[in-house]
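Note that the numbering runs from 1 along the sequence shown for the chain. If you're wondering where the values come from, they're calculated on a predicted model, not measured in any experiment.
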Amino acid sequence: SKYIRIQNLIIILIVGINFINVARIRDGLRSDPNMKITTISNEEGDLVAKLTQSGMDKYLSDFHENESERKIIIKDNANAPVDIILIHTDGMANSDMQSFDFNENSVFSRFNIFLTKFNSVSTDANTNTKRLLNSMCGQNENDFYKTPNKECNLITALKEKNFITRGFFDHQKIYLENNGYFSNSLLNSSKNSDTNDRISTLFANCLKQLKIQDIKQRSISYISIDSLSETGDFLKYKSNATRFMLSLNSFIDQLQKTNRNILLVYVPSKGALEKKR
């Protein structure tokens, strides 16, 4: 009655540990008073962090500070005779493809690498284009893209490495605000044309330029497609998306016949119907 045996204390701790929320204690010890994160579940069962406004501002500020230190530099000895084709499509994200089972047995199975587990910020297509073309640096705030630094521009960097730079657009506003980066660019935005006819024309013009290009010359062709997201009709979108993939499949067939070393990259700009734009 005058002391506690050590064996009894150990037994009490073993039994009591089951009633202690270790995770909460750990989070409390290392928590930032500005962050105040509480974890909840949304409708899909995913874990979501709710932050205070001051916490979100601090998180965003730290994010941009870390991103400002990221730079990609193309080395002078990067002289592989390769042509880069960068297809940027608004209205065909992974979630859209999954809703139609497009990503299982489609043209995308022909790509060597298919990235699925990533998050992208959905903005308007024009801002998304500027982000992609200025991706030599880490992500900046939106105001940066109005007057981006020359060192951050992918097309400018490749032009300095003696790449021919070409742009192909099917949206007038995106063309007018971004065509200055390229050695030559083409706009095909006739509203009277069928969506897929306009897309097929972009592919055809790109092929035409590649065929007349010197075999020793390198190039980058940026193909900006905005036509798929023009409709809000589910069946019309599915029809356009299906025909788009047929055109892309045919485009790849034609590229393989050119006997050129080509790096083909497909990047979705943002989704269409699945996430309600």
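- Interatomic distance, CG of L154 versus CG of L86, reported as 7.0 Å (0.5 Å rounding).
- Aromatic pair F108/Y266: ring centres closer than 6.0 Å.
- Shortest non-hydrogen contact noted between I262 and I85 is CG2-CD1, 3.9 Å.
- Side-chain contact of N178 with N126: a donor-acceptor pair under 3.5 Å is present, judged by distance alone.
- Atom CD in E67 sits 10.5 Å away from atom CG in L60 (nearest 0.5 Å).
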Would you sort out whether L132 and Y222 count as a side-chain contact (heavy atoms from CB on, under 4.5 Å), showing the intermediate values? CA-CA 10 Å; L132 180 61; Y222 172 71; 4.0 Å; yes
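- The heavy-atom pair separating I220 from F163 by the smallest distance is N-CD2, 4.0 Å.
- Within the structure, the salt bridge (charged side-chain N to carboxylate O under 4.0 Å, His left out) test picks out the following pairs touching residues 147-158 (sequence neighbours left out): K150-E160.
- Legend: salt bridge (charged side-chain N to carboxylate O under 4.0 Å, His left out) pairs involving residues 245-260, not counting sequence neighbours, sorted by first then second residue: D83-R260, R110-D253.
- Looking at N188, its side chain does come within 3.5 Å of a backbone N or O of R198 through a donor-acceptor pair.
- Counting only distance, with no hydrogens or angles, the side chain of S239 and the backbone of K236 share no donor-acceptor pair below 3.5 Å.
- At distances below 3.5 Å, at least one donor-acceptor pair connects side-chain atoms of N140 with backbone N or O atoms of G138.
- The side chain to side chain contact (heavy atoms under 4.5 Å, CB included) search around N162 returns R218, not counting sequence neighbours.
- In this pair, Y175 and F169 present their aromatic rings perpendicular. The plane angle is above 60°, beyond the 30 to 60° band.
- Between the side chains of S221 and Q209, no donor-acceptor pair is found at a separation under 3.5 Å.
- Judged purely by atom type and a 3.5 angstrom limit, S250 has no side-chain atom pairing as donor or acceptor with the backbone of L246.
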